[in-house]
Student: 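Once you've had a glance at the structure underneath, I'll fire off some questions.
The analysis underlying the following values was restricted to heavy atoms, covering all of them including side chains, and did not include hydrogens, waters or symmetry mates. If you're wondering where the values come from, they're calculated on a predicted model, not measured in any experiment. In what follows, chains carry the letters A, B, and so on, assigned in the order in which the sequence lines appear, proteins first and then strands, with residues in each chain numbered from 1.
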Protein chains: 2
Amino acid sequence: MTRPIPDIVVGRLPIYLRALSFLTAEGTQVTSSHDLGKRLGISAAQIRKDLSFFGEFGKQGTGYNVGYLQEQISRILKVDREWPMALIGIGDLGRALARYGGFAHRGFRVVALFDNDPAKIGQAIGDLKIMSIDRLSEVVQEQNIRVAMLTVPAKDAQKVADLCVAAGIKAILNYAPITLKVPEGALVQHTDPVTHLQRMTYYL
Amino acid sequence: MTRPIPDIVVGRLPIYLRALSFLTAEGTQVTSSHDLGKRLGISAAQIRKDLSFFGEFGKQGTGYNVGYLQEQISRILKVDREWPMALIGIGDLGRALARYGGFAHRGFRVVALFDNDPAKIGQAIGDLKIMSIDRLSEVVQEQNIRVAMLTVPAKDAQKVADLCVAAGIKAILNYAPITLKVPEGALVQHTDPVTHLQRMTYYL
DNA sequence: TAGATTGTTAATCGATTAACAATC
DNA sequence: TAGATTGTTAATCGATTAACAATC
C-alpha cells in the first residue's frame, strides 16, 4: 500500500505545473529545484520532497527536464485530458468564466451553461446556449460531467450545490461567499476575492 | 512584545467573518466554537485557539455573541473601514469585478479602473470611467489607494505589478495565472480557478 | 445547581528544513 | 575530474488536538 499523499502537497502541484508551463512558453528546457523555488518563493528542499511522493523525475547534477516534469505532473493531477465542466449561474462573473481563455490546455472546458432566469435561457455565449437548471441532471449524465463551477447568488448556492451532487457532480468550484457542505466523496473548493483581500489588510 | 500571529491563523479569520455575516443575516445572535466548526469543517478547538491569539471574545457556558465577534474580527482584519481599490485590466473578468456587489460591507470598494487599450479608455462602467494606465501613479496617490486587483493578461502581469508597487500599492490580488514577485513590504494573493480545479481532479 | 462552553496548557501530530550520499 | 543537483533521512519546527479547570 502506498503512503497517502498530504493534501497540502497535492495543492502545490498545480503551482509547480503553472510555473513549468511558463518555462515552456519561455523556451526553457531544463530547471532545478532551486530555480523553481526561487520563482515560487518555496524552498528547494520542499519541492524535491513534494515530487518524491510521486516518483523520481530529475537527474542528479542536471535538474529536471521541463517538458517531462510538466507531463508527469499533468498525469498525476489527471489534467492530461480535458474535463468537461458545467457552469451554473450566468451573471457577470459567469459570463466572464464562460469566455475565459485560460481553461484550454490546462485540462478543462466549459461545455454547458445553466441559469434559472427564463429571460436568459436560450441566449448564446460563444457556441453554448444557456439552459434551464432543470436540465442539469440530464445534461450532466449525457455529457458525463464531473466538475462544476458555481457563480450563483450566495442565498442559492447550497441548494444548487445539492442539485449538483445529486446529478453526479464530484467537484465544485464555488464562487459564492459562503462555505458549502457536500457529502463525503464530493469535493469543493472555495474562491472568494474578499477573503483574499481581507487576509492582506491585516498586515497593512 | 506580543507573539507574532501565524499567517495560517490570519488566513482563517476571513472565513470566520464570512460565517458570522451569514449568521447575522439569518438572525442568529449567539454561536459557539462547536457550531462554527461544524459549519466550516474546522475543529472547535482550533477556532478557540485561533481567536485566543487576539483576545477573549466569548463567555463560558454561552458561547460568542455573533455581532460582537463580527465587529472584533472586522477590527482585527482592518475591514471596519472601506479600502479604496484600483482595478487594472478591464476585460470580461475586470468588468465583472467592477460590477461585483460583494465588496460592499466587507471592507472594499473599487474606485478606479485602468486599462492600456485606447479604445477602452474613457468608457464608463457604473459611475467609473476607465483611465489610462499611465495615470495609475497619480490616481493612486490622489485617492490614497493601497490595494489593487490585477485582471491583465499573464504576459503583462509582472510589469503591471511592478508599476503598482512603484505607485505605492501595498496589496495586490492577482488574477493572472502566474506567480508574481513583489519586494519586501508588499503583499500578493493569487487567485486562479484552474489551480483550484486541478487540486480536485487529483482525487477524482 | 447542573449543563454548557470558554480559554489555555500540554501532548500529539504533521510539515518543513538541513544535510549528505549518490551520481550525472 | 570537478561541480552541480537529485532523492532521502533525520532533526527541527510549527500546527492541531485533547483535555480540563474556570465559570457563566
Student: Looking at D/dT6, D/dC24, C/dG7, which one has an atom nearest to any side-chain atom of B/Thr62?
Tutor: D/dC24
Student: Provide the closest heavy-atom pair for B/Gln158 versus B/Thr179 in the form atom of the first, atom of the second, distance.
Tutor: OE1-O, 4.3 Å
Student: Let's test this: given Watson-Crick or G-U wobble pairing with both distances under 3.5 Å, identify the partner of C/dA19.
Tutor: D/dT8
Student: What distance do A/Ile88 atom CD1 and A/Ile169 atom CD1 have between them, rounded to the nearest 0.5 Å?
Tutor: 6.5 Å
Student: If each of B/Ser32 and A/Lys59 is mapped to the nucleotide of DNA chain C with the nearest heavy atom, which maps nearer the 5' terminus, i.e. the 5' end?
Tutor: B/Ser32
Student: Nearest to the side chain of A/Ser43, which nucleotide is it out of C/dT17, C/dG7, C/dA19?
Tutor: C/dT17
Student: Return the value, rounded to whole Å, for the distance between atom CD of A/Glu56 and atom P of D/dT6.
Tutor: 12 Å
Student: Rounded to the nearest angstrom, tell me the gap between atom CG in A/Leu51 and atom C1' in C/dT16.
Tutor: 15 Å
Student: Just to confirm, is there a sub-4.0 Å distance from OP1 or OP2 of C/dG7 to any side-chain nitrogen or oxygen of B/Tyr64?
Tutor: yes
Student: Once rounded to the nearest 0.5 Å, what's the spacing between atom CG of B/Leu187 and atom CZ of A/Arg199?
Tutor: 11.5 Å
Student: Atom CD1 of B/Ile8 to atom P of D/dT17: distance rounded to whole Å?
Tutor: 11 Å
Student: Could you measure the distance from the CZ atom of B/Phe114 to the OG1 atom of B/Thr151? Nearest 0.5 Å is fine.
Tutor: 12.0 Å
Student: Using Watson-Crick or G-U wobble geometry with both distances under 3.5 Å, which nucleotide pairs with D/dC24?
Tutor: C/dG3
Student: To the side chain of B/Arg48, which of C/dC24, C/dT8, D/dG7 is closest?
Tutor: C/dT8
Student: Rounded to the nearest Å, what distance is computed from the CD1 atom of residue B/Ile42 to the P atom of nucleotide D/dA15?
Tutor: 15 Å
Student: Round to a whole Å and report the spacing from CG of B/Asp50 to P of D/dG14.
Tutor: 17 Å
Student: CZ of A/Phe53 versus P of C/dA15: gap in Å, rounded?
Tutor: 7 Å
Student: Tell me the interatomic distance from A/Arg12, atom CZ, to C/dA15, atom P, rounded to whole angstroms.
Tutor: 9 Å
Student: From C-beta outward on A/Lys49, which listed nucleotide comes closest to its side chain: D/dT6, C/dT16, D/dC24?
Tutor: C/dT16
Student: Quick one: which of D/dT5, C/dT16, D/dT17 gets closest to the side chain of A/Gln60?
Tutor: D/dT5
Student: Please report, rounded to the nearest Å, how far the P atom of C/dG14 is from the CD1 atom of A/Ile5.
Tutor: 14 Å
Student: Mapping A/Gly61 and A/Ala45 onto DNA chain D by nearest heavy atom, which one lands closer to the 5' end?
Tutor: A/Gly61
Student: When you check the gap from the basic side-chain N to the acidic O, do B/Arg18 and A/Asp192 get nearer than 4.0 Å?
Tutor: yes
